[in-house]
Amino acid sequence: VLYKPANFTEAWYELITADESAVKCIPLKASLDQSPGGTAVTGISSEDGQPIVEGGTCSVPSSGACAPANLTAFGDAASQAGQVCFGESSGVAGAESGTDRMPDGRAVSYGLFQINISANRVNGLNCPSAFDKAYTSKVHDVHVTNEALFSQCKEAAKNPAINIADAAALYQRYGWRIWGAAHRCGLALSDTFPYIAYSCNTTTYL
Amino acid sequence: MIKWILGSLIVLLLGIGAWLYVSRPEQAAPSGTDGTPSLPSSTTTTDGHSTAPAGPTITLVTRTGGSIAVPDFTAGKTGYRLNTGTFYSITNNQETQGPAAQYDITYGTDSSIAIALVKEPLSEARLAAETRLRDLLQLSDEEMCQLQVTVGVPYSTAQLFAGKNLGLSFCPGATELP
């Protein structure tokens, strides 16, 4: 039995077997078409051995807010969108990010697709102007400068219909790479972690 | 004459009272899965829910197509319409916002219940969410396992578990959590 390492990014190359002996693994680097509507990597089995069918390795909810039937704004990518939606918010419409938070404790990312309102317009509102700067992976010292607009943007982003529409527009512009869950689901690659799979003996893991 | 006037007034007041009673606005009825009112007397339970809950109910369709009546927990909640139904956040601010938040729950009239675990340790967050769900639905664990419940972890909370339906801890096939 092979166990996936707890820290995927630092110890992904080494798996520990049931008898505690280490198994070295070979990283597999794949090319992905990351343009909007592009196809995810294919031909590699997911960790439970199931072949990738429509691209991506995450669950596609058959019901709930993240069901593809609610994501028709993504066109042919609705099934992939379902995975990203579920990966980002678990299908909870009012989800608030547990990590993307300002020093005052309030979140900056909301809703089904965890839209960062300090960096993106929501429902036509100029939400970035409600902050002194945009929250990024490196910039966390962000403060609200317009409380009324912040509240409007937050409520709009927690409205699932608005969130889906705005996320679809972001997808059309940037593809899946701006969503962390898309990387987790094998739908996009990042510069810092370009490997989407690793092979241990004869088994391939994502 | 005075007696006649008093008598007329009494009759008039009784008439106004009767009219007000008949024309009073109806109580807002809870909605079932198809948006139609669902009351306890008309509840159908086909998946072994032994006792119908008191008060207004909603009917949840199970994974196998059966139905289970549960108390209407959507009262006073704001619903958002999507293609497959209307979706309600059924947890309150204390549960879902701020550093102490452990979980968030959304109910959809497509009979879906989505639970997001937003704080580690995830096993404790799931247990807390399950306790809340039990309280809301007033169902046994076995009955809850029949429902279309998804349990997920947002990517921002724990990347390793993101994108997977982890299941309720007491249901078959549930993922063990740290």
Side-chain angles (χ1 to χ4, degrees), chain A residues 4-9 47-48 56-73 82-101 105-107 109 111-112 114 155 158-164 179-187, chain B residues 60-61 63 77-93 95-120 125 129 147-167 178:
Chain A
K4 182 186 288 186
N7 190 324
F8 195 65
T9 57
E47 63 184 279
D48 59 3
T57 60
C58 295
S59 301
V60 181
S62 58
S63 62
C66 291
N70 289 321
L71 304 173
T72 52
Q83 297 177 63
V84 175
C85 178
F86 189 70
E88 288 289 339
S89 65
S90 304
V92 166
E96 299 192 358
S97 174
T99 54
D100 295 353
R101 289 184 180 269
R106 290 185 289 181
S109 299
L112 291 177
Q114 290 289 280
E155 290 312 308
K158 293 170 86 165
N159 179 321
I162 292 172
N163 196 285
I164 290 169
W179 281 281
H183 295 266
R184 176 76 185 96
C185 298
L187 295 167
Chain B
L60 301 177
V61 177
R63 295 179 191 279
K77 308 288 186 188
T78 303
Y80 295 99
R81 183 83 191 152
L82 292 177
N83 292 343
T84 62
T86 303
F87 292 83
Y88 300 85
S89 175
I90 59 174
T91 37
N92 61 42
N93 289 348
E95 289 169 302
T96 62
Q97 295 176 7
Q102 287 184 295
Y103 58 84
D104 203 344
I105 304 175
T106 285
Y107 157 74
T109 56
D110 60 354
S111 290
S112 66
I113 295 175
I115 299 174
L117 308 178
V118 297
K119 189 177 185 181
E120 296 182 285
L147 301 177
Q148 301 178 58
V149 178
T150 56
V151 180
V153 178
Y155 182 81
S156 65
T157 300
Q159 298 178 17
L160 187 61
F161 291 99
K164 294 179 178 177
N165 180 9
L166 307 169

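What you see is a predicted model; the values in this text were computed from it and never measured. To find a chain, count down the sequence lines: A is the first, B the second, and so on, and within it residues start at 1.
Contacts of A:Ser97 with chain B are made by both backbone and side-chain atoms, with heavy-atom separations under 4.5 Å. At a 4.5 Å heavy-atom cutoff, the contact between A:Ala95 and chain B is made by backbone atoms alone. Contacts of B:Ile115 with chain A are made by backbone atoms alone, with heavy-atom separations under 4.5 Å and no side-chain atom involved. Contacts between A:Ile164 and chain B at a heavy-atom distance below 4.5 Å involve the side chain alone, from C-beta outward.
Taking each heavy atom of A:Pro160 and B:Leu82 in turn, the nearest pair found is CB-CD1, 3.9 Å. Taking all atoms of both residues into account, the shortest heavy-atom contact from B:Ser156 to A:Gly98 is OG-N, 3.5 Å.
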Only distances under 3.5 Å count here; give the side-chain donor-acceptor pairs of residues 63-73 of chain A to other protein atoms, sequence neighbours excluded, each with its distance to 0.1 Å.
{"from": "A:Ser63", "atom 1": "OG", "to": "B:Gln148", "atom 2": "OE1", "distance (Å)": "3.4"}
{"from": "A:Asn70", "atom 1": "OD1", "to": "B:Asn83", "atom 2": "N", "distance (Å)": "3.0"}
{"from": "A:Asn70", "atom 1": "OD1", "to": "B:Thr84", "atom 2": "N", "distance (Å)": "2.9"}
{"from": "A:Asn70", "atom 1": "OD1", "to": "B:Thr84", "atom 2": "OG1", "distance (Å)": "3.3"}
{"from": "A:Asn70", "atom 1": "ND2", "to": "A:Gly64", "atom 2": "O", "distance (Å)": "3.0"}
{"from": "A:Asn70", "atom 1": "ND2", "to": "B:Thr84", "atom 2": "OG1", "distance (Å)": "2.9"}

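By number of non-hydrogen pairs under 4.5 angstrom with chain A, the leading residue of B:Gly85, B:Pro178, B:Ala162 is B:Ala162.
Of the possible donor and acceptor atoms, none in the side chain of A:Ser90 sits under 3.5 Å from a partner among the backbone N and O of B:Ala116. Put simply, the side chain of B:Thr106 gets close to the backbone of A:Ala93: a donor and an acceptor are under 3.5 Å apart.
Summarising the geometry, atom CG belonging to A:Asn163 is positioned 11.0 Å from atom OH belonging to B:Tyr80; distances are rounded to the nearest 0.5 Å.
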Steps toward side chain to side chain contact (heavy atoms under 4.5 Å, CB included) verdict (B:Thr150, A:Phe86):
CA-CA 10 Å; B:Thr150 56; A:Phe86 189 70; 3.9 Å; yes
field: Working for side chain to side chain contact (heavy atoms under 4.5 Å, CB included), residues B:Tyr155 and A:Arg184
entry: CA-CA 8 Å; B:Tyr155 182 81; A:Arg184 176 76 185 96; 3.8 Å; yes
